[in-house]
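Numbers here simply count residues along the sequence, with the first being 1.
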Amino acid sequence: MTLRKKRALHIGSVSWLLLGAMGHNALADDTPTQLPDITVTAPSPIQRHRTAPTRTPSHVVRAAPSRNRERAAAVQPAPAAPAPAPQQGVLPVVTDQFATVTVIPNEELRRSGAATLGDLLFSKPGITGSSFAPGASSRPIIRGLDVNRVGIVENGLGGGGVSDLGEDHFVPIDPLSTNQIEVVRGPAALRYGSTSIGGVVSATNNRIPDAMPTCAAAPFQSYGLPVKAPLADAGAPGCLNLETRTSVSSVNRGVEGGMLLDAGGNNVAVHADVYGRTTSDYSIPSYPYLFVPGQPFNGRQPNSATQSDGASVGASYFFQGGYIGAAITQNDSLYHIPGTDGADHQTRIDAHQTKIAVKGEYRPDTAAIDAVRFWVGATDYRHNELGLADPTDLFSDGVRQTFTNKEQEARVEVQMMPFNARFATVTTAFGVQAGHQELTAPSPDDPGSLFNGLWSPNNNNRVAGYVFNEFKFTDSTKAQIAGRIEHVDLHGSMPNFPADYLPDGAPQSSIARNPSYTPVSGSIGLLQNLPGDLVGSITAQYVERAPKPAELFSRGAHDATATFDIGNPNLTIETAKSVEIGLRKATGPFRFEATAYYTRFSNFIYRRLTGVMCGDDFDSCGNGDPNNEARQAVYSQRDAIFRGAEFQSQFDIGPLNGGIWGIENQFDVVRATFTDGSNVPRIPPVRLGGGFYWRDSNWLTRINLVHAFAQNDIAVIGETPTAGYNLLNAEITYNTKLNSSWIGAREMTLGLVGNNLLNQNIRNSVSYTKDEVLMPGLGVRAFANLKF
């Protein structure tokens, strides 16, 4: 990287930044982490003396001055020597954001080997997974907030699928094909919509290249500003990078593999990847069913096998001042649903998603506009829920329910050049977003009935505008003001249910429902550098959320979750008023982040179990039939209060055998109650953890124990207490550069990871199936990654 380019990137990432304003993958989505990375060595006040440079999150805008672009392209100083890659296992603490950002860099992703985003984030402070089907369907839960308040995006576009419409549904984003995960909380999440009150889980990869690939010589690192050819210098010589990812696991006899390729030349960059995974029923420590004795048991969680695969091809064309690219991606998954009902009926979900994405960027050589960026995506998703209609008849297997989602999304954002307003340097970015979604959930049972399927076909349209303003008063003090307004139109049908949700003999008829909402949201924040390389932040938010289709229109049996869901078409806008304070330190031997928050919800929408059992239709609810297997669940609204805190740290104690050894620890708590003092359902327990590590330039060894306390703060109806547990994990990883003349590879990473080494019974308090599904027992995973 030239000195001039280093300075431009430094200016873009620190001085002219719209810090934290733009939500994940922000305006730039500019981290092709499959490619070799180099850390910018010129430190900002926050980065100075950092042990391992913390990566600026990909949602942060890195603005470079367009007016000097032509001159920079004409002058090409000799390349500077690359900075050494940071050692593995260093805690990435993000200090230039107005709220907490959790970063899972590439090297941690490769060590983890998790098959779902929920499993990957299961033990991170303030985050857990729904673990409806561990290893298959586990959606992230942030600070006790789940499906309808946590956004999931890939490269700046919605992940698609129907994971927000049922906890048994998988998220069609696989960590095996992902290069980095960021969990963004606070104001930055506003650019993705009001349904991201809890935060946004953002996955990035290089499926649409946003830079020409850089060939072999530069060392790879998992976070840090990447080496990127400037858009004006796109005519670089051709090169090719190839990576393989493989692993085997003992707990589920799993095998997985993936291959990623990046090539480029003559202003065109191409990416392709393919991956696959297969597992058997996973091992568990003991009999899994708390209240159903006498079921068959062979030491494994019944009906928990999985199989998944996917592929993607994308390309980008680079021109003076910008690029445009597109990719097509296919995700397929066939996985079993554990639990007594799932095992008895051999329930499986066969899911398929095709996604097309387009994005681009243009930096006009003007004094007013720094960059214009856009994203466009279309998703076609379908899954069949398969199983036996009659458990005694093995030939009754077939489709029990079908879910489809056809969704389109587009967003355009404009970032203005910073201007001096005398009292501060002001950077403004604004955008517009629009989307359309069509959902169906038909069932083959009694197709002409009123309650056929989980809901009748419904669709929704949404359009939004948002603006972020950052005020840089000094190098140490920055403020932010952001706002969003959107309009949502929903169309579906729903009968009028009796007030007690029990059949009253009155005839039911389907009524067209066309609710519309205009939620308005805003935030204000302050970021302050403090003595000792500390950084403090405080943010206040007011966020309104429109109800989602499942909350409004559900009115039928949901086989995989064994519930009979009843929506409420009269739901009103949900409002959240939040305050968050944080203190972080990313430099020196002691690195940490601490956060405390308080959120008051008005008209909090939640899924309430009534204690009534239903069959396949409404008329069967509460009739006392012992064959009724579905728990009645009703969407309701009440005021609620969430408050909590999170902490994690690393302390490098000192040198040992040519490396550094240290200790790490973590803590998180969330308490959620309704205003009458009763408990909000399905809240994670208090967790406390710590461990030891040793690392050098090649090796990382780590052992870590997380203790989850018993969760007894439960809902009055339909929820049982959860016992505490101890989760002990250990790992050893070796990374080295290779002589490419040996096998053609230039870098190799090998590792061995042990999970749940105490072989404890672990039940996840937030899971609907926790009384019937144990998390995996003791297991060992071996992995190998090669870069060519």
P140 vs I152 side-chain heavy atoms within contact, under 4.5 Å: yes
Residues R207 and E154 bridged, charged N to O under 4.0 Å: yes
Heavy-atom side-chain contact between W699 and W694 under 4.5 Å: yes
Distance-minimising heavy-atom pair for S280 and R253: CB-NH2, 3.6 Å
Pairwise side-chain contact, Q650 with I663, heavy-atom cut-off 4.5 Å (strictly under): no
Side chain N331, main chain Q353, donor-acceptor under 3.5 Å: no
Closest non-hydrogen atom pair between A136 and F170, with its separation: O-CB, 3.4 Å
Spacing of H707 atom NE2 and L688 atom CG [to the nearest 0.5 Å]: 8.0 Å
Donor + acceptor pair across side chains of Q330, D332 (<3.5 Å): yes
Any V773 side-chain heavy atom under 4.5 Å of R763 side chain: no
Side-chain (D119) to main-chain (G135) donor-acceptor, under 3.5 angstrom: yes
Distance in Å, N106 CG paired with N179 CG, rounded so as to fall on 0.5 Å steps: 5.0 Å
Full working for side chain to side chain donor-acceptor pair (under 3.5 Å) between E664 and Q666: CA-CA 7 Å; E664 58 187 6; Q666 65 180 77; over 6 Å; no
Close side-chain approach of V183 and V101, heavy atoms under 4.5 Å: no
With I732, the side-chain contact (heavy atoms from CB on, under 4.5 Å) member among L700, L752, I703: L752
Test item: P776 and P134 side chains (from C-beta on) under 4.5 Å apart, heavy atoms: yes
Contact check, side chains of V535 and K585, non-hydrogen atoms, under 4.5 Å: no
Approximate separation, where rounding is to 0.5 Å, of N205 CG and S312 OG: 7.0 Å
Any donor-acceptor pair under 3.5 Å from E407 side chain to G160 backbone: no
Any side-chain donor near an acceptor of the partner, Q648 and E646, under 3.5 Å: no
Heavy-atom donor-acceptor pair, T178 side chain to Q180 backbone, under 3.5 Å: no
Candidate pair N785 and E243, rule side chain to side chain donor-acceptor pair (under 3.5 Å), full reasoning: CA-CA 7 Å; N785 299 327; E243 180 180 349; 5.1 Å; no
Donor-acceptor contact below 3.5 Å, side chain N729 vs main chain N756: yes
Salt-bridge contact E108-R110 (side-chain N to carboxylate O under 4.0 Å): no
Side chains of D146 and S130 in contact at under 4.5 Å (non-hydrogen atoms): no
Set of side chain to side chain contact (heavy atoms under 4.5 Å, CB included) partners for S649, sequence neighbours left out: F590, F592, F647, N665
Atom pair CZ (R702) and CZ (F692), whose distance is rounded to the nearest 0.5 Å: 12.5 Å
Main-chain N/O of G751 paired to R111 side chain as donor or acceptor, under 3.5 Å: no
Derivation and outcome, side chain to side chain contact (heavy atoms under 4.5 Å, CB included), residues L109 and I181: CA-CA 8 Å; L109 276 171; I181 302 292; 4.0 Å; yes
Flag for D168-S137: side-chain donor and acceptor within less than 3.5 Å: no
Intermediate values then yes/no, side chain to side chain contact (heavy atoms under 4.5 Å, CB included), V201 and I142: CA-CA 9 Å; V201 179; I142 302 175; 4.1 Å; yes
Donor on one side chain, acceptor on other, S131 and N764, under 3.5 Å: yes
Verdict with supporting geometry, L121 and I104, side chain to side chain contact (heavy atoms under 4.5 Å, CB included): CA-CA 9 Å; L121 299 166; I104 315 297; 3.9 Å; yes
CD1 on I208 to OG on S316, rounded to 0.5 Å: 6.5 Å
Partners passing side chain to side chain contact (heavy atoms under 4.5 Å, CB included) against A315 (at least two apart in sequence or in another chain): V270
Heavy-atom pair of closest approach, residues G129 and V766: O-CG2, 3.4 Å
Contacts of Y381 that satisfy ring-ring contact (aromatic ring centres under 6.0 Å, His included) - sequence neighbours left out: H383
By side chain to side chain contact (heavy atoms under 4.5 Å, CB included) - contacts of D174 (at least two apart): L176, S177, Y275, R277, S308
Nearest atoms (heavy-atom pairs only) where P172 meets G159: CG-O, 3.5 Å
Presence of salt bridge, R591 and D652, under 4.0 angstrom: yes
Residue pair N206, D262: steps toward the side chain to side chain donor-acceptor pair (under 3.5 Å) verdict: CA-CA 8 Å; N206 200 37; D262 288 277; 2.6 Å; yes
Results of side chain to side chain donor-acceptor pair (under 3.5 Å) for T306 - residues two or more places apart only: T279
Spatial distance of atom CG (L91) from atom CD (E593) [nearest 0.5 Å]: 6.0 Å
Minimum heavy-atom distance V200-A189, with the two atoms named: CG2-CB, 3.7 Å
Check: A784 main-chain N/O paired with T246 side-chain donor or acceptor under 3.5 Å: yes
Backbone N/O of A305 and side chain of D281: donor-acceptor pair under 3.5 Å: yes
Salt-bridge criterion met for E256 and R781 (N-O under 4.0 Å): yes
Test log, rule side chain to side chain contact (heavy atoms under 4.5 Å, CB included), inputs T733 and T749: CA-CA 7 Å; T733 303; T749 303; 3.6 Å; yes
Donor-acceptor pair, side chain of D696 and main chain of G659, under 3.5 angstrom: no
Full working for side chain to side chain donor-acceptor pair (under 3.5 Å) between T102 and R185: CA-CA 9 Å; T102 300; R185 307 166 182 86; 3.2 Å; yes
Check: E731 side chain, T701 main-chain N or O, donor-acceptor pair, under 3.5 Å: no
For L242 against L261, the heavy-atom pair lying closest together: CD1-CB, 4.1 Å
Set of residues satisfying side chain to side chain contact (heavy atoms under 4.5 Å, CB included) with respect to T736, sequence neighbours excluded: N698, Y734, L738, M748
